[in-house]
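Let me give you the structure first, and then I'll get to my questions.
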Amino acid sequence: MEEPTYYDLVYEVVRQIPRGRVTTYGAIADFLALGSARMVGWALNKSFSGYGVPAHRVVNRLGELSGRIHFPTPTMMQQLLEQEGIEVVDNKVLDFKRLFWHPAQNLDE
DNA sequence: CTCTTGACGACCT
DNA sequence: AAGGTCGCCAAGA
């Protein structure tokens with residue numbers, strides 16, 4: 001039995017992102033009050049390896065699908081988002097500001 | 001133990 | 001405005 005690593009914390013937060021919403025690396029790092037945005041992305045890289053973590057709902061602060069490159073195919077991330085009703089154009093989330101979800105909102109729902 | 005890596009972000013030029 | 005650089009800090013080799 002091992003202690004939860006930083007990844008595990010990130011996984012749990014990402015899993016709580018509501019369908020049709022997105023969040024940012026920085027928001028997660030801020031919510032954890034630990035590490036930095038880079039660590040979130042780094043952790044996520046491991047996450048979608050089979051943890052069932054919706055990593056496609058995590059984008060960078062500009063709403064860009066910065067992580068799409070790490071998916072099996074660069075278009076997969078966008079398609080997953082579109083399946084949830086999120087419009088993506090030029091690898092950016094439309095109405096990103098409106099769709100943005102902060103982990104702290106989980107407490108409210 | 002030390003060095004390098006890394007799906008970012010803010011600052012600097 | 002656009003591009004480059006530095007900082008964040010945990011984990012693997």
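Just so it is clear, the values below take in all heavy atoms, side chains as well, and ignore hydrogens, waters and symmetry mates. Quick note on labels: first sequence line is chain A, next is B, and so on, each numbered from 1.
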Check: Could you run down nucleotides 7-13 of chain C 5' to 3' and tag each one B, S or - for protein heavy-atom contact under 4.0 Å?
Finding: BBBBSS-
Next item on the list: Compare all side-chain heavy atoms of A:Phe96 with those of A:Thr24 and state whether any distance is below 4.5 angstrom.
Entry: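 Yes, at least one pair of side-chain atoms sits under 4.5 Å.
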Next item on the list: Please answer whether the main-chain N or O of A:Trp101 pairs with a side-chain N or O of A:Thr23 as donor and acceptor at a distance below 3.5 Å.
Entry: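 Answer holds: yes.
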Tabulate protein N/O versus nucleotide N/O from nucleotides 11-13 of chain B, keeping only pairs under 3.5 Å, one per line.
none

Item checked: Side-chain (A:Arg15) to main-chain (A:Val53) donor-acceptor, under 3.5 angstrom ->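 No: the side chain of A:Arg15 does not pair with the backbone of A:Val53.
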Next item on the list: Provide, to the nearest angstrom, the distance between the CG atom belonging to A:Asn60 and the C1' atom belonging to B:dG6.
Entry: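 It is 14 Å, rounded to the nearest whole Å.
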Notebook entry, point to check: In whole angstrom, what separates A:Leu65's CG from B:dA7's C1'?
Noted result: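 Going from A:Leu65 (CG) to B:dA7 (C1'), I get 10 Å.
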Next item on the list: Just call it for A:Ala55: base, sugar-phosphate, or nothing, with non-hydrogen atoms closer than 4.0 Å on any strand.
Entry: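 Base contact - A:Ala55 has a heavy atom under 4.0 Å of at least one base atom.
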Check: Same hydrophobic cluster for A:Phe31 and A:Phe100, using side-chain heavy-atom links shorter than 4.5 Å among ILVMFWY?
Finding: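 A:Phe31 and A:Phe100: separate clusters.
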Check: Starting at CG of A:Asp30 and ending at C1' of B:dG9, how long is that distance when rounded to a whole Å?
Finding: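 Distance check: A:Asp30 CG to B:dG9 C1' gives 12 Å.
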Note to self: How many whole angstroms separate atom CG of A:Leu80 from atom C1' of B:dA7?
What the structure shows: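 My rounded result for the distance is 15 Å.
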Note to self: By the definition side-chain contact (heavy atoms from CB on, under 4.5 Å), identify the one residue from A:Val40, A:Asp8, A:Leu32 that meets it with A:Val13.
What the structure shows: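 Result for side-chain contact (heavy atoms from CB on, under 4.5 Å) with A:Val13: A:Leu32.
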Item checked: side chain to side chain contact (heavy atoms under 4.5 Å, CB included) between A:Arg57 and A:Val14, intermediate numbers included -> CA-CA 8 Å; A:Arg57 293 180 188 150; A:Val14 175; 5.7 Å; no
Check: In whole angstroms, how far is the C1' atom of B:dC8 from the CG atom of A:Leu62?
Finding: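 Nearest whole value for this atom pair: 10 Å.
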Item checked: Nearest heavy atoms of A:Ala29 and A:Ala37, plus distance in Å ->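 It is CB-N, 3.7 Å.
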Note to self: Within the structure provided, determine whether A:Val59 and A:Ser66 are in side-chain contact (heavy-atom separation under 4.5 Å).
What the structure shows: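 Sidechains of A:Ser66 and A:Val59: no contact.
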Notebook entry, point to check: How long is the line joining CZ of A:Phe31 and P of B:dC8, in whole Å?
Noted result: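 That distance rounds to 21 Å.
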